[in-house]
Amino acid sequence: MDDQTRMLASMGGLGGLSQADVGDPDSVRKQQSLGQPPQDIGDILQQIMAITDESLDEAQARKHALNCHRMKPALFSVLCEIKEKTVLSIRGVQEEDPPDPQIMRLDNMLLAEGVSGPEKGGGSAAAAAAAAAAGGSPNDGSIEHSDYRAKLAQIRQIYHSELEKYEQACSEFTNHVMNLLREQSRTRPISPKEIERMVAIIHRKFSSIQMQLKQSTCEAVMILRSRFLDARRKRRNFNKQATEVLNEYFYSHLSNPYPSEEAKEELAKKCAITVSQVSNWFGNKRIRYKKNIGKFQEEANLYAVKTAVDAANVSAQASQANSPATPNSGKVHRKKYK
DNA sequence: TTTAATGATTACGG
DNA sequence: CCGTAATCATTAAA
């Protein structure tokens with residue numbers, strides 16, 4: 001619109017309103033070559049320039065009259081041509097820009113998270129894949145997962161409704177502007193091409209607004225993911241029996257508390273946790289024990305006598321060739337390593 | 001509500 | 001990848 005106002009201004013500057021040599025010499029020459037007296041052109045231009053000073057009704061009538069003037073098509077095309085030359089530099093600046101990498105990244109992510117893209121099927125599948133890929137716990141994952149899915153669906157719904165709102169607003173605005181420009185093209189040199197360009201500009205603006213929506217949606221998804229998929233936020237202490245098994249192993253191998261992969265697997269099975277959880281536990285235990293042996297002395301003694309008792313039981317049972325009950329007696333595995 | 005315990009993650013070295 | 005050490009975030013205890 002800037003160019004249009006400038007156009008008017010320049011016309012006003014050139015005009016002198018009643019002079020015969022109004023406007024670009026080119027245009028005058030063209031008009032003359034069409035066999036029209038220059039005075040006619042000047043008169044029309046004067047009417048156009050004066051239109052803003054008239055009352056609304058007068059202006060309306062004047063516009064209609066001008067639009068029906070026999071000179072209108074020729075004058076219109078000439079003015080459009082002049083204008084095209086004037087705004088050429090501006091138009092060169094923003095041509096078709098290639099797809100913004102930023103928005104492509106956002107789009108890809110939204111698609112991957114199942115926020116945009118096809119309907120529910122794809123979405124939940126993506127969510128499931130994401131949850132599984134994060135090394136989810138097979139245990140209580142179902143509850144969290146359904147919760148996660150519900151939240152994701154909520155985000156998706158908001159996203160889509162917002163998107164729809166934007167699109168509607170965009171088309172509404174576009175229509176409005178198009179109608180306005182079409183109406184104004186009765187008295188101002190606005191070519192269809194220019195209207196097209198304006199529409200493109202509007203779409204660009206709206207898509208940049210949409211990018212903000214996508215951005216914030218992505219953020220929301222990331223937060224959601226970190227809340228539900230980051231196990232730190234959903235930590236559950238191991239149950240009593242599991243820590244007992246782990247501690248038993250730890251204190252009975254205090255001189256070398258590094259379970260082999262095999263041993264880890266067995267411990268994991270016994271404790272109903274994953275191998276990596278066993279590794280985490282031993283890592284934490286070792287460092288914390290080392291850091292403050294005194295604090296763990298009591299615990300160490302406790303498990304020492306425990307294993308001693310167990311050992312005694314085992315030997316007693318072995319001597320009796322009997323072992324039906326006591327499922328939780330930590331069988332001391334003769335380890336082969338070292 | 002403050003504090004200790006605890007499982008998980010991260011940074012870094014081998 | 002495995003381990004250590006520091007740190008985070010949550011849970012249980014005070």
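Both backbone and side-chain heavy atoms feed into the values below; hydrogens, waters and symmetry mates do not. In the text below, chain A, chain B and the rest are named by the order of the sequence lines, each starting its count at 1.
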Does A:Q277 have a side-chain nitrogen or oxygen under 4.0 Å from the phosphate oxygens OP1 or OP2 of B:dG7?
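No, A:Q277 has no side-chain N/O under 4.0 Å of OP1/OP2 on B:dG7.
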Can you tell me if A:R236 touches the phosphate of B:dG7, counting only side-chain N or O atoms and a distance under 4.0 Å to OP1 or OP2?
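Result: no.
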Value in whole Å for how far the [atom2] atom of [N] lies from [atom1] of [X]:
X	N	atom1	atom2	value
A:N239	B:dA5	CG	C1'	16 Å
A:N237	C:dT11	CG	P	9 Å
A:R235	B:dG7	CZ	C1'	5 Å
A:F282	B:dT6	CZ	C1'	15 Å
A:W281	B:dA8	CH2	P	12 Å

Look at all strands and tell whether A:N280 reaches a base, only sugar-phosphate, or nothing, counting heavy atoms closer than 4.0 Å.
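Answer is base: heavy atoms of A:N280 come under 4.0 Å of a base.
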Sequence neighbours excluded, every pair satisfying ring pair (Phe, Tyr, Trp, His ring centres under 6.0 Å) that has a member inside residues 265-287 of chain A
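Ring pair (Phe, Tyr, Trp, His ring centres under 6.0 Å) check on residues 265-287 of chain A returns A:Y249-A:F282.
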Who are the ring-ring contact (aromatic ring centres under 6.0 Å, His included) partners of [X], not counting sequence neighbours?
X	result
A:F296	A:Y289
A:Y303	A:Y251
A:Y159	none

Filtered N/O pairs between nucleotides 11-14 of chain B and protein, under 3.5 Å:
none

Within 6.0 angstrom of A:E298 CD, more than 12 heavy atoms from elsewhere:
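Open.
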For A:K290, which residues count as a salt bridge (Lys or Arg N to Asp or Glu O under 4.0 Å) partner, sequence neighbours excluded?
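A:K290 satisfies salt bridge (Lys or Arg N to Asp or Glu O under 4.0 Å) with no other residue.
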Name all residues meeting the side-chain contact (heavy atoms from CB on, under 4.5 Å) criterion together with A:C80; count only those two or more places apart in sequence or in a different chain, and write none if there are none.
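Residues passing side-chain contact (heavy atoms from CB on, under 4.5 Å) with A:C80: A:F76, A:P189, A:S191.
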Sorted by number, the residues of residues 284-300 of chain A with heavy-atom contact under 4.0 Å to DNA chain C:
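Residues of residues 284-300 of chain A that come under 4.0 Å of DNA chain C are, in numerical order, A:R286, A:I287, A:R288, A:K290, A:K291.
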Do the non-hydrogen side-chain atoms of A:H253 and A:P259 ever get within less than 4.5 Å of each other?
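A side-chain contact under 4.5 Å is absent here.
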With salt bridge (Lys or Arg N to Asp or Glu O under 4.0 Å) as the rule and sequence neighbours excluded, what pairs involving residues 162-179 of chain A come up?
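Qualifying pairs: A:E162-A:K165.
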